[in-house]
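Below: one structure, written as structure tokens.
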Amino acid sequence: MSPSANAKYFPSDSEKLLSITRDGPVFILTMLDGENRFTKEFCAAICSAFDYVAHTVETESLTEAALVSIGQSEKFYSNGLHMEKALGVPGFSQTVFMPMLHKILTFTIPTIACVNGHAFAGGMLMAMAHDYRVMRSDRGFMCMNEIDLPAPLPAGMSALLRYKLPHHIYRSVVLEAKRYPAKEALAGHIVDAIPDKEGIKPAFELAMAIAKKVAPKSKAGSIITAIKDDMYPEPSSFLLAGMPKL
């Protein structure tokens, strides 16, 4: 979805990696960087955007709020880590990427990932860190391809998938690198909903409907984070791996 004129950009107006716009109680985070591959800068922009939303909710004393994330690209939600740039940052997974996932996982208002295209590896992990997932019905796969690279799957990432997925789906995801299209992702409880119609717009509208339905729960404030910490004790702990919260 294209940002509106009142969009706030991150990390800055001159470097537009992503935007935040508002539609009633819903904050819409749109990733604008093509394949939306994770670099140190991209992860920092995501964290800054989430901090901005949390600050806005607090300062405006909002009693209804939710966040929907989506990619602007027709093809990608996120294509995972930018390997060349990520490998150039010592400890990228432990010090940059996983703390970002932790911020999303334990965020203080409901979160919905609108998977508008492929969500591979780190992209799938980002979607799984949200509370709910909606996937467009006609295009895109969700997949963890680490075993085919091959590359290790750090404990925090593995725990996130293990807690979010049924065991047999988790096995297929991490040991087979199975690619899940929308209908199979829905049947496997990887996503919560897919629209009846094709295209990004119906998926976004469905994600927004879910967001507006759960937005009143945000009045619980910090209790939401406490509940999420209790829901996902291993992912919450392992994603930080001794690092401070971002």
Side-chain angles (χ1 to χ4, degrees), residues 10 18 20 27-31 36-39 42-51 53-54 65-71 76-81 86 92-135 140 142-144 146 153-166 169-170 173-174 180 185 188-193 207 210-211 214 217-218 224-241 243 245-246:
F10 298 86
L18 53 97
I20 292 287
F27 293 83
I28 303 161
L29 185 156
T30 305
M31 296 178 284
N36 300 318
R37 288 183 175 269
F38 297 106
T39 63
F42 195 64
C43 291
I46 290 173
C47 288
S48 294
F50 271 78
D51 288 343
V53 171
L67 181 145
V68 171
S69 70
I70 188 171
F76 293 101
Y77 176 76
S78 169
N79 204 18
L81 273 63
F92 176 84
S93 291
Q94 288 73 26
T95 64
V96 178
F97 184 63
M98 289 199 293
M100 181 202 76
L101 293 177
H102 181 273
K103 180 180 289 289
I104 299 171
L105 180 68
T106 60
F107 198 51
T108 189
I109 64 174
T111 57
I112 300 90
C114 182
V115 183
N116 56 287
H118 298 312
F120 286 156
M124 179 171 177
L125 287 164
M126 178 175 171
M128 297 307 300
H130 288 65
D131 300 318
Y132 305 92
R133 283 156 296 285
V134 174
M135 189 175 182
M142 296 187 73
C143 174
M144 295 293 298
E146 278 72 10
L153 192 63
M157 302 182 195
S158 183
L160 174 60
L161 295 170
R162 189 169 62 250
Y163 267 72
K164 291 275 188 167
L165 299 172
I169 301 297
Y170 169 66
V173 166
V174 298
Y180 283 86
H189 301 283
I190 298 173
V191 301
D192 298 282
I210 293 172
V214 298
K217 301 303 180 184
S218 66
I224 293 178
T225 294
I227 290 173
K228 291 179 181 180
D229 272 328
D230 190 55
M231 285 177 69
Y232 311 116
E234 285 189 13
S236 183
S237 174
F238 293 168
L239 285 171
L240 289 180
M243 300 300 300
K245 293 182 180 181
L246 292 180

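Just so it is clear, the structure is predicted and the values come from calculations on it, not from any experiment. All values below were derived from every heavy atom in this structure, side-chain atoms included, with hydrogens, water molecules and symmetry-related copies excluded.
- Atom-to-atom distance recorded for Asp229:CG and Ile224:CD1 is 12.5 Å, nearest 0.5 angstrom.
- When the side chain to side chain donor-acceptor pair (under 3.5 Å) test is applied to Ser218, no partner is found at least two apart in sequence or on another chain.
- Atom CG of Leu101 sits about 8.0 Å away from atom CE of Met98, to the nearest 0.5 Å.
- Inter-residue side-chain proximity for Met124 and Tyr180 is flagged as unmet; no heavy-atom pair is nearer than 4.5 Å.
- Phe10 approaches Ala45 most closely through the heavy-atom pair CB-O, 3.9 Å.
- Considering NE2 of His189 and CG of Leu165, their distance stands at 10.5 Å, rounded to 0.5 Å.
- Taking CG of Leu161 as the start and CE of Met144 as the end, the distance is 5.0 Å to the nearest 0.5 Å.
- Taking the side chain as every heavy atom from C-beta outward, Phe92 and Leu81 approach each other to under 4.5 Å.
- The heavy-atom pair separating Pro110 from Asp131 by the smallest distance is CA-OD2, 3.3 Å.
- Asp51 places a side-chain heavy atom less than 4.5 Å from the side chain of Lys103.
- Under the side-chain contact (heavy atoms from CB on, under 4.5 Å) criterion, Asn79 pairs with Glu35, Arg37, Phe76, Phe120, sequence neighbours left out.
- Residues Val53 and Ile109 have side chains in contact (heavy-atom distance under 4.5 Å, counting atoms from C-beta outward).
- The closest side-chain heavy-atom distance from Pro233 to Tyr163 is below 4.5 Å.
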Could you go step by step and tell me if Met128 and Ile190 meet the side chain to side chain contact (heavy atoms under 4.5 Å, CB included) rule?
-> CA-CA 8 Å; Met128 297 307 300; Ile190 298 173; 3.9 Å; yes

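- Heavy atoms of other residues, nucleotides or ligands lying less than 6.0 angstrom from OH of Tyr132 number 12 at most.
- Of all heavy-atom pairs spanning Tyr77 and Ala113, the tightest one is OH-CB, 3.7 Å.
- Between Gly140 and His118, the shortest heavy-atom contact is CA-ND1, 3.4 Å.
- Note: Phe42 CZ to Leu18 CG = 5.5 Å, rounded to the nearest 0.5 Å.
- Summarising the geometry, atom CZ belonging to Arg133 is positioned 8.5 Å from atom OG1 belonging to Thr111; distances are rounded to the nearest 0.5 Å.
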Should Ile46 and Phe38 be marked as a side chain to side chain contact (heavy atoms under 4.5 Å, CB included) after you check the CA-CA gap, both sets of side-chain angles, and the distance that decides it?
-> CA-CA 10 Å; Ile46 290 173; Phe38 297 106; 3.8 Å; yes

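- Heavy atoms only, all atoms of each residue included: Pro99 and Ser93 are closest at CD-O, 3.9 Å.
- Under the 4.5 Å side-chain criterion, counting only non-hydrogen atoms from C-beta, Asn36 is not in contact with Met126.
- Enclosure of atom NZ in Lys228 by more than 12 non-hydrogen atoms of other residues, nucleotides or ligands within 6.0 angstrom is indicated.
- The shortest non-hydrogen separation linking Ser236 to Leu105 is N-CD2, 4.2 Å.
- In this structure the side chain of Leu29 reaches within 4.5 angstrom of the side chain of Phe50, judged on heavy atoms.
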